[in-house]
> 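Here it is: the structure, laid out below.
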Amino acid sequence: MCGIVGIVGKVPVNQYLYDGLTVLQHRGQDAAGIVTIHNNTFRLRKGNGLVKDVFHTRHMLRLQGNVGIGHVRYPTAGTSSSSEAQPFYANSPYGISLAHNGNLTNADELKIWLNTEARRHVNTTSDSEILLNILGHELQQSTNITLTPDDVFTAIANVHKRVRGAYATVALIIGYGMVAFRDPNGIRPLVFGKRETESGIEYMIASESVALDACSFEFVRDVAPGEAIYFTLDGKIHSKQCSDTPVYSPCIFEFVYFARPDSTIDKMSVYASRVEMGTKLGQKISQEWSDLDIDVVIPIPETSCDIALQIAYELDLPYRQGFVKNRYIGRTFIMPGQEQRKKSVRQKLNAIATEFKGKNVLLVDDSIVRGTTSEQIIEMARSAGAKKVYFASAAPEVRFPNVYGIDMPSANELIAHGRDVDDICSLIGADKLIYQSIEDLVTAVGVGNPDIKRFDTSVFDGNYVTNDIDNDYLERLDAMRNNSTKEESDKNADSVIDMYNEGSE
């Protein structure tokens with residue numbers, strides 16, 4: 001998962017891009033980057049690490065300009081070396097810099113086509129650089145002396161025809177402006193906003209509406225599936241539907257886990273969706289577990305807190321914060337490497353013994369993916385004195401790999417793959433285990449926007465909305481994303497990349 005921002009402003013945008021990336025840090029902790037345009041030249045800073053660690057005062061001073069884009073990343077396709085950090089840059093045509101959230105499902109064939117037909121070189125293993133070069137190739141097909149909005153929209157339409165998968169994208173074009181576009185299924189979120197200043201109207205693109213809030217931009221609307229929005233350097237805005245067959249199919253896992261609760265995605269409040277998940281799951285527990293002697297409901301912080309509170313309300317049981325989270329430890333789900341995830345769980349959470357001792361506790365989490373965290377947390381609850389530990393998941397069983405930008409690369413790593421609920425319950429060490437049904441999850445999220453008829457629920461049911469995924473693809477993806485490769489590439493974590501007119505530091 002990644003986070004992207006882009007601003008066309010009337011004043012320097014470096015600080016606003018930084019602030020936007022900071023509130024999107026939950027979407028990626030592996031790398032960060034910002035590129036701006038100043039004097040018709042790109043100014044770029046990117047490197048591995050958190051936003052606060054990649055950008056120092058000296059870097060911010062060099063990121064001059066009133067237009068720019070930014071990116072936070074964790075690795076899915078590709079590696080976690082600094083060469084994979086975004087935004088990426090291509091010098092032809094015009095000079096383009098691009099940031100991308102998602103994953104291309106036909107990246108291998110696109111790379112071959114770029115090398116043999118378009119004669120464009122891709123220097124990394126990142127599918128985002130492939131997307132950049134596809135866009136560059138399509139823009140280069142224009143015969144006009146000056147790039148027009150129609151040229152941009154024609155290029156994006158042709159990108160949609162060539163590219164499959166998930167892509168929420170923002171790109172800068174030297175001398176012209178910024179373009180944002182979303183794949184025809186709208187799998188990954190993308191919003192835009194504006195603010196009025198004394199100098200004129202400024203525009204902002206972001207992965208989540210919370211980034212607009214942080215930068216004092218007014219939310220305008222979501223970028224529609226297949227749509228492109230082109231912002232010229234002089235502040236004009238053009239938009240067009242560039243896909244022949246757009247269908248809203250947002251990733252439901254955004255609402256379960258990834259997005260911040262204070263964000264709104266495709267007119268659906270993430271917070272309200274999670275409360276409704278709690279309502280549905282609470283009702284299911286009441287119907288199926290009415291004979292259990294649950295004493296207290298305890299969330300596994302933080303994503304599940306709103307869900308657990310609503311479950312407690314539905315069950316008329318006490319709600320307690322039984323775990324204290326160390327906020328200086330990163331999210332274990334997006335940490336590369338299974339051993340690193342295991343090590344970080346006990347550093348991340350600590351149990352309050354008085355909330356567990358002698359009680360039958362219902363632990364609530366947003367989902368169970370690999371099961372490692374769930375198993376260790378249940379052990380912590382028992383060590384703290386719990387008599388019985390029941391476990392509830394606000395999402396259904398995660399049985400299939402994600403191919404659209406979430407790091408669930410291997411079916412063998414998913415605890416629910418090929419197992420029933422009783423087997424999973426035994427493996428994580430719970431006394432009872434209950435999952436949300438996929439029907440209730442879809443209903444809970446969709447209540448905020450009845451116009452959306454389909455979600456990407458592929459991790460639960462194996463139905464991939466792009467209709468191009470088979471076992472051969474999943475095996476290739478597994479080989480490319482395996483954890484050993486990631487851990488080896490992490491040796492390069494201290495390296496950074498700078499590009500600016502004045503030369504080296």
> V445 vs M277, test: side chain to side chain contact (heavy atoms under 4.5 Å, CB included). Steps then yes/no.
CA-CA 7 Å; V445 177; M277 289 177 210; 3.8 Å; yes
> Got a sec, which pairs hit salt bridge (charged side-chain N to carboxylate O under 4.0 Å, His left out) with one end in residues 254-266, sequence neighbours left out?
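For residues 254-266: R27-E254, R182-D266, R188-E254, R260-D262.
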> Knowing that exactly one of I298, I311, V296, L292 qualifies, which makes a side-chain contact (heavy atoms from CB on, under 4.5 Å) with L362?
I311
> Nearest 0.5 Å, what's the CG-CG distance between L132 and D127?
11.5 Å
> Shortest non-hydrogen contact from A394 to L441?
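That would be O-CD1, 4.0 Å.
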> Are L349 and P301 close enough that some pair of their side-chain heavy atoms sits under 4.5 Å apart?
yes
> Among residues at least two apart in sequence or on other chains, which ones pass side chain to side chain donor-acceptor pair (under 3.5 Å) with D431?
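For D431, the residues satisfying side chain to side chain donor-acceptor pair (under 3.5 Å) (neighbours in sequence not counted) are R382.
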> Please, which pairs that meet side chain to side chain donor-acceptor pair (under 3.5 Å) have at least one residue in residues 273-299, sequence neighbours excluded?
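Pairs touching residues 273-299 that pass the test: T279-Q310, D293-N360, D293-Y390.
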> Drop me the distance from M178's CE to L98's CG, to the nearest 0.5 angstrom.
12.0 Å
> Look up atom CD in E397 and atom CZ in F400, then write down how far apart they are to the nearest 0.5 Å.
10.5 Å
> Is the backbone N or O of A386 less than 3.5 Å from a side-chain atom of K357, with the two atoms forming a donor-acceptor pair by type?
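Side chain of K357 to backbone of A386: no pair is present.
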> Is the Y167 ring parallel, tilted or perpendicular to the F181 ring (thresholds 30°, 60°)?
perpendicular
> Does anything in residues 434-454 pair up under side chain to side chain donor-acceptor pair (under 3.5 Å), and if so which pairs, sequence neighbours excluded?
N185-R454, S249-R454, S437-D440
> Check for me whether the distance between the ring centres of F455 and F253 falls short of 6.0 Å.
no
> How long is the straight-line distance from CG of L414 back to CZ of R399, given to the nearest 0.5 Å?
10.5 Å
> Roughly how far, to the nearest 0.5 Å, is CG of L212 from CD of E218?
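Those atoms lie 10.0 Å apart.
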> Residues in side chain to side chain donor-acceptor pair (under 3.5 Å) with S243, at least two apart?
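Partners of S243 by the side chain to side chain donor-acceptor pair (under 3.5 Å) criterion come out as none, since no residue qualifies.
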> Ring centres of F88 and H71 under 6.0 Å apart?
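Here the rings of H71 and F88 have centres that are no less than 6.0 Å from each other.
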> My understanding is that only residues two or more places apart in sequence, or in another chain, count here; which of them pass side-chain contact (heavy atoms from CB on, under 4.5 Å) with D422?
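Scan of D422 (side-chain contact (heavy atoms from CB on, under 4.5 Å), adjacent residues dropped) gives D420.
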> Which residues pass the salt bridge (charged side-chain N to carboxylate O under 4.0 Å, His left out) test with R221, not counting sequence neighbours?
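Partners of R221 under the salt bridge (charged side-chain N to carboxylate O under 4.0 Å, His left out) test: E227.
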> Sequence neighbours excluded, which residues qualify as side-chain contact (heavy atoms from CB on, under 4.5 Å) partners of L309?
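With sequence neighbours excluded, L309 shows a side-chain contact (heavy atoms from CB on, under 4.5 Å) to Y319, given in chain and number order.
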> List the residues meeting side chain to side chain donor-acceptor pair (under 3.5 Å) with Q241, not counting sequence neighbours, and say none if there are none.
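Partners of Q241 under the side chain to side chain donor-acceptor pair (under 3.5 Å) test: none.
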> For Y271, does the OH atom sit with more than 12 other heavy atoms under 6.0 Å from it, leaving out its own atoms?
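Counting other residues, nucleotides and ligands, OH of Y271 stays at 12 neighbours or fewer.
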> List the residues meeting salt bridge (charged side-chain N to carboxylate O under 4.0 Å, His left out) with E109, not counting sequence neighbours, and say none if there are none.
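Expected list: R164.
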> Nearest 0.5 angstrom please: I452 CD1 to I265 CD1, how far?
10.0 Å
> Do the side-chain N and O atoms of Y404 and T466 include a donor-acceptor pair separated by under 3.5 angstrom?
yes
> As a quick check of understanding, evaluate side chain to side chain donor-acceptor pair (under 3.5 Å) for H26 and E302, giving each step before the final call.
CA-CA 12 Å; H26 61 285; E302 292 178 317; over 6 Å; no
> Can you name the side chain to side chain donor-acceptor pair (under 3.5 Å) partners of S128, sequence neighbours left out?
Q86, H100
> What residues, two or more places apart in sequence or in another chain, satisfy salt bridge (charged side-chain N to carboxylate O under 4.0 Å, His left out) together with R195?
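Expected list: E202.
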> Does a donor on one side chain sit under 3.5 Å from an acceptor on the other, for S458 and N463?
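Distance-only check fails for S458 and N463.
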